[in-house]
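Have a look at the structure below before the remarks.
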2 protein chains.
Amino acid sequence: MTVPLPPAGAAFLLAQLGAHAAARYGERVAALDLTPAQTGLLRLVMTEPGLNQRDLATRLGVGASTAVALVDGLESRDLLERRRGPHDRRLHALHLTDAGTRAMAEVRTVAMDHDADMTAALDDDERRTLVALLRRVADQQGLPPGVHPGYRALRRQAR
Amino acid sequence: MTVPLPPAGAAFLLAQLGAHAAARYGERVAALDLTPAQTGLLRLVMTEPGLNQRDLATRLGVGASTAVALVDGLESRDLLERRRGPHDRRLHALHLTDAGTRAMAEVRTVAMDHDADMTAALDDDERRTLVALLRRVADQQGLPPGVHPGYRALRRQAR
DNA sequence: TATTGTTATACTCTATAACTATA
DNA sequence: TATAGTTATAGAGTATAACAATA
């Protein structure tokens, strides 16, 4: 009456490790009082200063109203600013403030620590092999580099 | 004024691919009218028939009331049944019905297709290497085999 | 009339706490 | 009194739709 279970394959391990990596990253950036979604937004604006909110929402894979709420939170903390477009006054061009740039430097440190911790089981050679294989899988699956749609804002840490 | 971004490392790729794998799995089991959480529950009860709801909730990493709702949904579709414990009448021992067992056979097929699809970029050797590396990372990170806490029920497919 | 951004609203998922029945 | 299960309630996060300003 029992159907044999397949051993945990690559897809299952990816889902399991991905959830774990995302949760741990969330804990780490929570120490900076940021959510993963906020760091993704800041990161995107850092690489593309002047981005408007509509394009931001599209790139982040969230709805327009979600983008507004995210930007509101970051602007109220002076990490981000909206600048009215001079040509088209409907547009809000987004830019990091100096404080926002400093925050991203901290996020960068946290992300590198996180990466080292997640691959602590591997030596340098193995780590390179893993990254190379993951990149090929990500490419073949059509995933864009840099931003990942699919995760919505993870649960905020209770403190 | 710009801080250089690190290239996407292993942790980021794991999170990105994990979210993707989970989303695609969700689409596939939605075709069977199941959610990922439901398949996880059925799978657990299949491997440990007679499990009670409290232990189920603990193993699944969800609250007791969430377990009740999940079991309710599966019981109303005759995939699962509650049996009052003869020794302790507070306990509800969970068992798959025949229909539940058949459903899990379908889930197994879907999961194997999903696994093949997710690793379509790799040949057999590379797939084995990837799985071996992921297993070592998962072990070192303290992740239990079989069930992954961290994902809650993914969004139900609109139909 | 179309588009950017905003606000209002509803829905889903989850967690917490109160309740029952058994022990 | 303690525990398994249930129900009720509230919170967070997200999406949809209505709205305002600008084009």
Side-chain angles (χ1 to χ4, degrees), chain A residues 19 22-23 26 29-30 33-41 45 50-76 80-95 148-159, chain B residues 19 22-23 26 30 34-41 45 50-76 80-95 148-159:
Chain A
V29 297
D33 210 9
L34 292 170
T35 64
Q38 287 175 322
T39 66
L41 194 164
V45 172
L51 200 67
N52 69 53
Q53 289 184 205
R54 177 175 176 69
D55 291 343
L56 175 83
T58 302
R59 295 284 293 276
L60 244 38
V62 300
S65 57
T66 301
V68 171
L70 283 168
V71 172
D72 280 350
L74 293 168
E75 190 178 42
S76 71
L80 195 68
E81 62 177 355
R82 293 170 160 109
R83 297 187 198 155
R84 277 284 178 194
H87 302 71
D88 185 339
R89 291 177 44 73
R90 289 174 304 186
L91 295 175
H92 276 169
L94 302 174
H95 295 268
H148 61 82
Y151 280 122
R152 303 306 175 220
L154 293 180
R155 198 148 323 286
R156 184 181 306 276
Q157 287 299 107
R159 190 63 58 83
Chain B
L34 292 170
T35 64
Q38 288 175 323
T39 66
L41 193 165
V45 172
L51 200 67
N52 68 55
Q53 289 185 205
R54 178 177 175 68
D55 290 344
L56 175 83
T58 302
R59 295 284 293 278
L60 244 37
V62 301
S65 57
T66 301
V68 170
L70 283 169
V71 171
D72 280 350
L74 293 169
E75 190 178 43
S76 72
L80 194 70
E81 61 177 355
R82 292 170 160 110
R83 297 186 196 155
R84 278 285 179 193
H87 303 70
D88 184 338
R89 292 178 43 75
R90 290 174 304 183
L91 296 174
H92 276 170
L94 302 175
H95 295 268
H148 63 82
Y151 281 121
R152 303 305 175 220
L154 294 181
R155 195 150 324 286
R156 186 181 304 275
Q157 286 300 106
R159 191 69 56 83

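These values consider heavy atoms only, across backbone and side chains, with no hydrogens, waters or symmetry-generated copies. From a predicted model like this one, the values you see are computed outputs, not experimental measurements.
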From [options], nucleotide with atom closest to [X] side chain:
X	options	result
B/Arg90	D/dA2, D/dT7, C/dG5	D/dA2
B/Val68	C/dT6, C/dA23, D/dT7	D/dT7
A/Arg54	D/dA4, D/dA15, C/dG5	C/dG5
B/Leu91	D/dT22, D/dA15, D/dG5	D/dG5
B/Thr66	D/dG5, D/dA23, C/dA15	C/dA15
B/His92	D/dT6, D/dT22, C/dG5	D/dT6
A/Val62	D/dT22, D/dT6, D/dA15	D/dA15

Check: A/His92/A/Arg83 side-chain N/O donor and acceptor closer than 3.5 Å: no
Which residue lies more 5' along DNA chain C, comparing A/Asp55 with B/Pro86 via nearest heavy atoms: A/Asp55
Side-chain heavy-atom pair B/Leu80, B/Leu41 within 4.5 angstrom cut-off: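 SC-SC contact between B/Leu80 and B/Leu41 confirmed.
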Nearest whole Å is fine: how far is [N] [atom2] from [X] [atom1]?
X	N	atom1	atom2	value
B/Leu41	C/dC13	CG	P	15 Å
B/His87	C/dT22	NE2	P	17 Å
B/Asp88	D/dA2	CG	C1'	12 Å
B/Leu70	C/dT12	CG	P	15 Å
A/Leu56	C/dT4	CG	C1'	13 Å
B/Arg89	D/dT3	CZ	C1'	16 Å
B/Arg84	C/dT22	CZ	C1'	8 Å
B/Asn52	C/dA21	CG	P	20 Å

Atom pair CG (B/Leu56) and OG1 (B/Thr66), whose distance is rounded to the nearest 0.5 Å: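 These two atoms lie 11.0 Å from each other.
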B/Ala67 to B/Gln53 - nearest heavy-atom pair and separation: CB-O, 4.3 Å
Check: D/dT14 base within 3.5 Å donor-acceptor of A/Ser65 side chain: no
Heavy atoms of other groups near A/Arg82 CZ, more than 12 under 6.0 Å: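 Correct, the count exceeds 12.
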Sugar-phosphate, base or nothing in reach of A/Arg82, heavy atoms under 4.0 Å: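 Sugar-phosphate only.
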